[in-house]
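So the structure is just underneath, and the comments pick up after that.
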Amino acid sequence: MATWSAPGKVILFGEHSVVYGKPAIAMAIKPRVQVTVRHSRYYQKPNSPYISECFRLTDVKGSVYVRSQLPSASGLGSSAAVTVATLFAINDEFELGYTREEVGDLAFEVEKATQGGRASATDTYVSTFGGLVFIRGSEKRRLLPPQNLSIVIGNSLISHNTAEMVEKVAELRRTSPVIANGIMDAIGGVTMEAMHNLENPKELGVLMNRNHALLDALGVGHPVLSQLVLAARNAGAYGAKLSGAGGGGCIWALCSKGSRNRVAGAIEDCDARPITTSIDTEGARREKDE
Ligand code: MEV
């Protein structure tokens, strides 16, 4: 038996356009998913398509037990964390000998297969390695986390389907390529500006608001997400934007220490769930078997 856990994530900048080679910045966050895999002759096909794909790809048979502190279908990377933790547990239990990098690459293959062939390595990479990361195509780098990055997440409690939202953007690219590509170029520009302003919360907040507006223009917004970002900004956040695939799920707000509780309260007043969390720097890790 082998038990591994992996963290969730927030995409700070660049979701969706990252699927088309533009840059993104993402951060691993503390809530985790824990997966136990046990060698077993009696293989029962798992309910999760992500877990099924992990077993198919590694060509082993076993039983799986999942415990999660992450809300699913909320944009906080729970499917990537389940995939990463399952693959590390399989690697350990069946002594497959993959390195951390190789498990991360396999996790990306699983996400791609279950997202209809369209995915970036953002979620799986950040869940594998932890910390703050920069992704652009095959370029993946860990960044020095800025001091005092105080964030509040707002879960709209509206579930979404990442594959559907990714397909929606692909459809806009097919029907209106000039518009879709123009928006994605602009998101890429905002993300690069953010890279140069990671220690400057005021400027970062302005860039978050721009990124949110561009995601709305791309068609992945939701009225409740807009309500949440406005509530967070009015309560004193430097900036706020949706995070992940959109169409539901979460927003994140950048706050000063002084405004954090006010922002969390404003999110609660919109009947959404505030989550105050911080960066996870470990990535996937082995846990004690219970
Ligand atoms: C989903 O968390 C992020 C997207 O950019 C999809 C991906 O990068 O694979 C929407």
Side-chain angles (χ1 to χ4, degrees), residues 6-29 31 33 49-50 53 68 70-84 104-129 132-141 151 153-156 158-173 180-181 183-188 190-191 194 208 211-212 214-222 225 241-252 275 280:
K9 64 95 204 357
V10 275
I11 297 193
L12 303 188
F13 291 93
E15 49 274 272
H16 285 291
S17 48
V18 69
V19 175
Y20 299 95
K22 306 289 177 207
I25 305 169
M27 187 175 102
I29 51 169
V33 169
Y50 292 91
E53 186 61 17
S68 180
L70 275 170
S72 61
S74 67
L76 297 182
S78 80
S79 46
V82 164
T83 303
V84 167
D105 289 345
L106 276 179
F108 172 44
E109 291 309 316
V110 169
E111 278 248 302
K112 208 155 66 174
T114 39
Q115 252 173 242
R118 279 191 209 89
S120 76
T122 315
D123 295 14
T124 45
Y125 184 81
V126 76
S127 187
T128 302
F129 289 95
L132 185 72
V133 306
F134 174 84
I135 308 264
R136 178 169 47 193
S138 56
E139 181 188 355
K140 304 180 197 96
R141 272 192 281 141
I151 76 170
I153 293 167
N155 185 355
S156 69
I158 297 167
S159 72
H160 69 177
N161 180 314
T162 299
E164 273 171 31
M165 299 314 293
V166 169
E167 176 51 34
K168 193 170 179 193
V169 173
E171 176 63 17
L172 185 69
R173 264 185 105 233
N181 291 333
I183 296 169
M184 290 205 255
D185 282 347
I187 294 177
V190 167
T191 304
M208 290 169 71
N211 196 162
H212 182 80
L214 288 164
L215 287 164
D216 251 345
L218 205 54
V220 298
H222 188 286
L225 297 178
K241 66 176 272 294
L242 74 82
S243 179
C250 289
I251 63 124
W252 78 281
I275 304 170
D280 167 279

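Note that ligands are numbered from 1 as they come in the structure, with each ligand's atoms numbered from 1 the same way.
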| What atoms of ligand 1 come closer than 4.0 angstrom to any heavy atom of E15? | 5 (O)

| Is there at least one pair of N or O atoms, one from T162 and one from ligand 1, spaced under 3.5 Å apart? | no

| said: Under 4.0 Å from a heavy atom of A119: which atoms of ligand 1 are those, numbered in the order shown and with their elements? | reply: 9 (O)

| task | May I ask you to identify the nearest protein heavy atom to atom 1 (C) of ligand 1, giving residue, atom name and distance to one decimal place in Å? | result | D123 OD2, 3.7 Å

| query | Counting distance only, does the side-chain N/O of S127 pair as donor-acceptor with the main-chain N or O of P7 below 3.5 Å? | reply | yes

| field | For atom 3 (C) of ligand 1, the protein heavy atom that lies nearest, with its residue and separation | value | I11 CD1, 3.6 Å

| request: Determine yes or no for a side-chain-to-main-chain donor-acceptor pair under 3.5 angstrom, with H222 supplying the side chain and G248 the backbone. | output: no

Can you list, pair by pair, the side-chain donor-acceptor contacts under 3.5 Å of residues 13-22, counting residues two or more places apart and other chains?
| residue | atom | partner | partner atom | Å |
| --- | --- | --- | --- | --- |
| E15 | OE1 | K241 | NZ | 3.0 |
| E15 | OE1 | G244 | N | 2.8 |
| E15 | OE2 | K241 | NZ | 2.8 |
| H16 | NE2 | A245 | O | 2.8 |
| S17 | OG | G14 | O | 3.3 |
| K22 | NZ | D185 | OD1 | 2.8 |

| request: May I ask you to list the atoms of ligand 1 that are less than 4.0 angstrom from any heavy atom of Q115? | output: 6 (C), 9 (O)

| said: I'd like to know if M165 contacts ligand 1, where contact means a heavy-atom distance under 4.0 Å to any ligand atom. | reply: no

| message | In this structure, does ligand 1 have an atom that sits under 4.0 Å from one of the heavy atoms of K9? | response | yes

| Counting distance only, does the side-chain N/O of T124 pair as donor-acceptor with the main-chain N or O of A80 below 3.5 Å? | no

| said: Can you report which non-hydrogen protein atom sits closest to atom 4 (C) of ligand 1, along with the distance? | reply: H16 N, 4.0 Å

| task | Could you list which atoms of ligand 1 come closer than 4.0 Å to a heavy atom of V18? | result | 5 (O), 8 (O)

| query | Heavy-atom contacts under 4.0 Å between R118 and ligand 1: side chain, backbone, both, or neither? | reply | neither

| task | Quick one: closest heavy-atom pair of G247 and I158, and the distance? | result | O-CG2, 4.1 Å

| remark: Of all protein heavy atoms, the one nearest atom 9 (O) of ligand 1 is S120 N, 2.8 Å

| said: Please check: side-chain N/O of K9 versus main-chain N/O of A26, any donor-acceptor pairing under 3.5 Å? | reply: no

| Does the pair N181 and R173 meet the rule for a side chain to side chain contact (heavy atoms under 4.5 Å, CB included), with working shown? | CA-CA 7 Å; N181 291 333; R173 264 185 105 233; 3.2 Å; yes

| If only atom types and distance count, is the side chain of S243 paired as donor or acceptor with the main-chain N or O of I251 below 3.5 Å? | no

